[in-house]
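What follows is a set of notes on a single structure, which appears directly below.
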Amino acid sequence: MNTITLHPTKTPLTGTLQVPGDKSISHRAIIFSALSEQKIRIQNLLEGEDVLCTIDCFRKMGVCIEKQGDEWRVQGVGLRGLKQPSEILYCGNSGTTTRLLMGILAAQNFESKLSGDASLNKRPMKRVMEPLSQMGAQFSVEGEGTAHRIITVKGGHLKGIDYTSPVASAQVKTALLLAGLWAEGETSVTEPSLSRDHTERILRAVMCVEADSLKVSIQAVQKITLPELWKIPGDFSSAAFFIVAASIVPGSEILIPDVNLNPTRSAAAGVLKKMGAKISFEKESLLAGEEMGDIRVSFAPLHATPIQGEIIPWLIDEIPILCIAASQAEGETIISDAAELRVKESDRIEVMCNLLSQLGVSVEEIKDGLKIKGKALLKGARVQSFLDHRIAMSMAIAAWVADGPMTIEGVESVLTSFPGFWEIVRYFSSKPNNYSTKAY
Ligand code: S3P
């Protein structure tokens, strides 16, 4: 396990930083390119471990995916060209890889096996297996409830269903829409509230997809045709760590160019603005069907605001770092309607509650969220990341304003979504000698 100790410098963050490509779109760029019949060039693909797992799984199914210079090239095999993998498809820490692949594997005329790391193997997959079984796929699971779970998917002929999902989940919705590419008849998914909508945007650009806010429907197609160059905007979820850092460290002012500002992804900026943060979106444009722009942030005193309701799926990945913002805001922040946090890479409600208490924050765990009292003076502490990249990065930002050294265990998890994170932390820290890393 790798450990990093950060000594508080309280140095303002000033300057420009680039965040890597959007994780959700990177997975989808690999998937849709692999299913096309073309050679697709992809720019600014996130080279985080989650996306590398998706690449590896498609390579195991016979898809040629290579990096040439700064670009990735995928030679699509078409909707009927995937080959049976001879090995287990290892999805690492990536729920997106597993659930999206399940939708595809459900429709293939072969059997395949999926597994992942100890965190992923405990995450709920029935939410995808149940509707895909209703469509005609067969699943069997070995080692359920253990760190060694292996899921076998026996795919075949699928029939479309009209499915009402109990959860607002882009992964569930996408798995079913992907299966619908091969299914007989129409496949529809209705969500309780809208989850991130990258998949519908991509599908709408390449075929006829009907969407009335909460219901999306798709018919099978013979072929997927894509533009030959796919440019991916920066990941708002990665930017969020530095948006919060600049908002809570006095004297900060940063610019983060070319970030995905799709409203189903960037809602945390709206919440922070309600808390008093000084954030503006500049040079807004469209890139491959997604809103993109620069984000300017400068320090401002924050105050509590409720974080709840239908907006939660639009900022679900940002809640750990919003908890750090809440600890630095005057008043009590109540986060609710966020029970999904319990089934992310870690139980993010329990973990954030324990970690914030370790830092000296008055915090209460509730069934579907947290109550956090600010503004707190954070203590330095030795904390774990629980194999969860977003927990490790949130603790690193907390360290910026803590009054003692913070040691974070399990920092290798950051590679899941944000290679380069520590270089940016180092860049903004004016006292590099105060920054030390140690591997165990
Ligand atoms: C993702 C969807 C979200 C998010 C995850 C990526 C996606 O999960 O938490 O990091 O790319 O579809 P759910 O929408 O399933 O909660």
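Values below: every heavy atom of this structure, side chains too, minus hydrogens, waters and symmetry copies. Whatever order the structure lists them in is the order used to number ligands and atoms, beginning at 1.
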- Query: Parallel under 30°, tilted from 30 to 60°, perpendicular over 60°: which one fits the rings of Phe241 and Phe421?
  - Reply: perpendicular

- Message: Please output the residues near ligand 1 using a strict heavy-atom distance under 4.0 Å, listed in chain and residue-number order.
- Response: Lys23, Ser24, Arg28, Thr96, Ser169, Ala170, Gln171, Arg196, Ile316, Asp317, Lys344

- Message: Under 3.5 Å, is there a donor on one side chain and an acceptor on the other for Ser112 and Gln84?
- Response: no

- Task: Over 60° means perpendicular and under 30° means parallel, so classify the ring planes of Phe242 and Phe428, tilted if in between.
- Result: tilted

- Query: How far apart are the closest heavy atoms of Ala325 and Leu272, and which atoms are they?
  - Reply: CB-CD2, 3.8 Å

Quiz: residues 46-59 side-chain donor-acceptor pairs under 3.5 angstrom, not counting sequence neighbours:
from  : atom 1 : to    : atom 2 : distance (Å)
Glu47 : OE1    : Lys67 : NZ     : 3.4
Glu47 : OE2    : Lys67 : NZ     : 2.7
Glu47 : OE2    : Trp72 : NE1    : 2.9
Thr54 : OG1    : His27 : ND1    : 2.8
Thr54 : OG1    : Thr97 : OG1    : 2.8
Asp56 : OD2    : Lys60 : NZ     : 3.1
Arg59 : NE     : Ile65 : O      : 3.0
Arg59 : NH2    : Ile65 : O      : 2.5

- Query: If you look at every heavy atom in Leu13 and Ser252, which pair is closest and at what distance?
  - Reply: N-OG, 2.9 Å

